[in-house]
Amino acid sequence: MPTLEATIHQLLSEALQKAYNLSRDHILIEQPKDKTNGDYSSNLAMTLAKELRNNPFVIAETIKEHIELPEMFDRVEVARPGFINFYVSKDYFTGIIPEVLAQQETFGNSKTGNQQKINIEFVSVNPTGSMHVGHARGAAAGDSMARIMKKAGFDVTKEFYVNDGGNQIHNLALSINARYHQLFDKALDMPEDGYHGPEIIDLAQSIKAEHGEKFILENGYDYFRDYGVEFLLNGIKDDLKAFDVDFDVYFSERTLYEQGEVEKTLQILKDQGYTYKQDDALFLKTSLFGDEKDRVIIKRDGTYTYLMPDIAYHQNKLSRGFDKLIDILGGDHHGYIPRLKASIQMLGGQEDTLSIDILQMVKVLKEGSEVKMSKRSGKAITLRDLIDDVGKDAIRYFFSKHSLNTHMDLDLDLAIKKSTDNPVYYAQYAHARIHSLFDKASEQGYSVDETLKAYTHLTHEHAQDILKLLLNYQNVVEEAATKRIPHKITNYVHELAGALHSFYSAVPILKGDATHIVEHLNLLKATQIVLKDALYLIGVSAPRSM
RNA sequence: GUUCCGGUAGCUCAGCAGGAUAGAGCAACAGCCUCCUAAGCUGUAGGUCAGGGGUUCAAAUCCCCUCCGGAACGCCA
């Protein structure tokens with residue numbers, strides 16, 4: 001059915017035309033917080049007051065007189081200082097139930113994305129250690145965003161960039177070498193920028209188990225490097241899987257060198273005249289596209305900076321035909337945005353071809369003081385530990401609750417101690433509660449009737465609240481997708497669960513005559529379908545019992 | 001010094017393409033299970049929306065300034 005917003009927009013446009021011979025493209029229609037102000041409301045009259053040099057209240061009245069109100073509305077009223085409020089008739093909302101039952105988990109799907117090809121890159125943590133808490137926020141955000149955008153009709157590819165080619169991998173090989181030698185009581189200091197995490201010791205032990213002292217006798221550098229990357233990347237993939245995050249593509253930085261794409265991209269930049277040599281280094285003129293200064297892409301020692309292969313990587317993404325690239329980066333990388341966006345434009349992209357969403361940092365507190373998340377020091381709290389101690393669903397819900405640019409504090413002791421009253425259970429409980437009611441109903445011989453079209457008993461305030469939320473689901477999905485704000489979905493989940501709990505408490509669901517009960521069951525079924533789908537969008541499971 | 005975030009109830013945070021009496025969770029207080037799962041419901045209390053100016057019929061929301069907190073300002077990645 002057409003959205004009520006669209007219908008009201010149409011009514012107001014026509015009335016405005018008749019009353020004042022005016023037309024407006026944008027007419028704001030919103031749902032008032034206070035139900036006494038109607039189900040939908042418009043400020044149209046107030047926006048016209050100046051132009052028409054008249055009292056907005058009078059204008060609103062005039063518009064109202066020209067509205068031909070369809071049956072789905074009870075009435076329309078004007079309120080001070082000039083709101084036009086629409087009251088929907090109670091029967092109308094129940095029309096959403098058969099729709100949800102028919103469409104199941106595709107309910108709320110939207111065509112907004114127009115099947116635009118989107119590449120969304122996130123996590124992309126270096127394979128030099130385990131994933132820690134800070135990475136988890138990016139994983140949760142990127143994965144949820146991808147799921148939501150898919151539902152909103154975008155063609156989404158989730159991608160992980162594996163930094164297996166740069167200097168940090170050199171340091172990794174040296175770190176493994178040192179740990180390996182230490183296993184044979186040969187004192188070898190860790191390199192200056194080495195990785196001190198315990199997983200590197202595990203890694204060395206694993207090599208020792210397989211090859212004994214082979215690499216004491218011969219140089220193991222190449223082997224350590226390749227084995228280390230593979231070992232750690234597999235660990236990261238395992239952790240992601242446990243976090244319910246998966247990727248369509250793991251893209252290796254090293255292949256960019258092997259395929260000559262770095263050189264090719266460099267040549268394009270040179271050919272276009274975007275480079276120049278200075279102090280024996282090669283600079284890229286990123287300042288032409290809004291960066292505060294030009295950036296070095298080849299250092300004086302002849303090696304590339306991080307930027308150069310990253311440009312080649314984005315060029316590769318563009319060559320695969322994506323309409324839009326989205327990178328999700330941590331707040332500590334915000335300074336990197338202008339140079340990367342500038343580079344994209346040099347390669348023929350538009351200003352908005354690449355969007356970089358910044359995720360503010362997570363401050364982790366343990367025993368009252370901050371734990372710095374650094375792989376070099378090896379002291380970080382790993383994602384794996386967190387999943388074991390707090391639970392996947394609780395963590396994903398926690399991250400998904402907050403907007404991307406909120407600076408978050410995560411108190412570990414509190415999170416572990418209070419894991420049982422995490423708000424995630426509020427939502428999951430609502431889902432389980434419905435399921436339990438179905439069991440009870442079936443014992444009494446009742447079940448959902450998907451052929452039922454007419455509803456007459458769902459007039460309770462709390463039932464109406466649920467119906468309105470169901471009606472809003474698609475709008476919420478669209479807004480979350482286009483604004484890229486996954487936490488909008490979490491807020492919705494919380495509201496829907498709350499409406500369900502209130503309804504449950506206020507109305508005896510399995511009491512009364514048969515039609516009554518079946519209408520209730522249908523309402524619950526629709527609620528359960530949407531609740532489960534919305535939870536899926538934020539990567540949280542919907543248990544049948546708790 | 002420059003740039004990017006944030007500052008909303010005791011705490012953690014929503015709300016910010018301007019709208020009607022600023023919300024939720026936790027914590028506090030008072031009620032609700034002979035009745036479908038009390039991981040729930042209902043109610044009370046709690047706010048100078050950091051501060052100051054401006055735009056507007058209307059500002060937590062938009063603009064400017066100041067203060068406080070976080071982050072970044074590499075030929076590191």
Side-chain angles (χ1 to χ4, degrees), chain A residues 26 28 30 32-34 36-38 41-43 45-47 49-50 55-57 79-83 85 126 128 163 165-169 171 193 253 278-283 292-293 295-307 309-310 330-338 358-361 363 398 401-411 414 418 420-430 432-441 443-444 462 479 483 485 487-488 490-491 494-495 497-498 500-511 517 520 524 545-546:
Chain A
H26 293 290
L28 183 71
E30 52 188 0
K33 276 169 278 189
D34 186 341
T36 61
N37 289 322
S41 170
S42 179
N43 66 352
M46 289 177 285
T47 64
K50 184 170 258 182
N55 183 326
F57 191 82
R80 302 242 169 236
F83 291 102
N85 298 334
N126 295 340
T128 54
N163 290 120
N167 196 39
Q168 72 279 12
I169 297 301
N171 287 328
D193 290 319
E253 178 189 356
Q278 186 180 306
D279 304 331
D280 291 324
L282 194 71
F283 282 73
E292 59 179 296
K293 60 182 174 186
R295 304 292 171 175
V296 172
I297 47 176
I298 300 181
K299 292 178 261 180
R300 207 181 311 179
D301 67 4
T303 61
Y304 296 121
T305 60
Y306 181 83
L307 179 61
D310 206 18
D332 51 345
H333 288 96
H334 84 264
Y336 191 64
I337 297 173
I358 287 297
L359 214 49
Q360 292 306 323
M361 314 249 79
K363 186 189 205 177
F398 176 75
K401 248 174 41 166
H402 302 101
S403 107
L404 301 188
N405 33 17
T406 298
H407 300 259
M408 291 172 60
D409 284 356
L410 173 59
D411 187 325
L414 210 62
K418 310 190 64 177
T420 51
D421 54 41
N422 188 296
V424 72
Y425 300 114
Y426 184 78
Q428 290 184 317
Y429 184 50
R433 216 169 203 186
I434 293 172
H435 193 79
S436 148
L437 282 165
F438 288 152
D439 286 344
K440 269 280 179 328
E443 283 170 24
Q444 297 177 23
H462 292 309
E479 190 185 349
K483 291 185 179 171
I485 44 173
H487 72 278
K488 186 95 189 165
T490 316
N491 288 345
H494 188 262
E495 279 182 55
L500 183 279
H501 287 310
S502 292
F503 178 66
Y504 176 93
S505 300
V507 178
I509 300 191
L510 302 175
K511 301 284 189 309
I517 291 173
H520 284 160
L524 291 184
S545 68
M546 288 173 73

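Since the structure is predicted, the reported quantities are computational estimates derived from the model, not experimental observations.
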>> Can you say whether a donor on the side chain of Asp332(A) sits under 3.5 Å from an acceptor on the base of A77(B), or the other way round?
In response: no

> With rounding to whole Å, what would you report as the distance between G46(B) and C11(B) at their C1' atoms?
Replying inline: 13 Å

> The side chain of Met408(A) lies closest to which of these nucleotides: G40(B), C75(B), C13(B)?
Replying inline: C13(B)

> Ignoring hydrogens and angles, does a donor from either the side chain of Asn405(A) or the base of G6(B) sit under 3.5 Å from an acceptor on the other?
Replying inline: no

> With a 3.5 Å cut-off and no angle check, do the side chains of Asn405(A) and Ser403(A) form a donor-acceptor pair?
Replying inline: yes

> Hey, does Lys488(A) reach any base, or is it just sugar-phosphate, or nothing, if we go heavy atoms under 4.0 Å?
Replying inline: nothing

>> I'd like to know whether the aromatic ring centres of His462(A) and Tyr504(A) sit less than 6.0 Å apart in this structure.
In response: no

>> Could you tell me how far A27(B) sits from C63(B) if I compare only their C1' atoms? Round to whole Å.
In response: 38 Å

>> Under 4.0 Å, heavy atoms only, any strand: does Ala430(A) hit a base, just the sugar-phosphate, or nothing?
In response: nothing

> So what's A28(B) paired with, Watson-Crick or G-U wobble, going by both distances under 3.5 Å?
Replying inline: U44(B)

> Got a donor-acceptor pair under 3.5 Å from the side chain of His334(A) to the base of U3(B)?
Replying inline: yes

> With a 4.0 Å cut-off on heavy atoms, is Lys33(A) in touch with a base, just the backbone sugar-phosphate, or nothing at all?
Replying inline: sugar-phosphate

> Any donor-acceptor pair under 3.5 Å between the side chain of His407(A) and the base of C5(B)?
Replying inline: yes

> So which nucleotide from A38(B), G74(B), C76(B) ends up closest to the side chain of Arg433(A)?
Replying inline: A38(B)

>> Quiz question: by atom type and distance under 3.5 Å, do the side chains of Tyr306(A) and Asn167(A) form a donor-acceptor pair?
In response: no

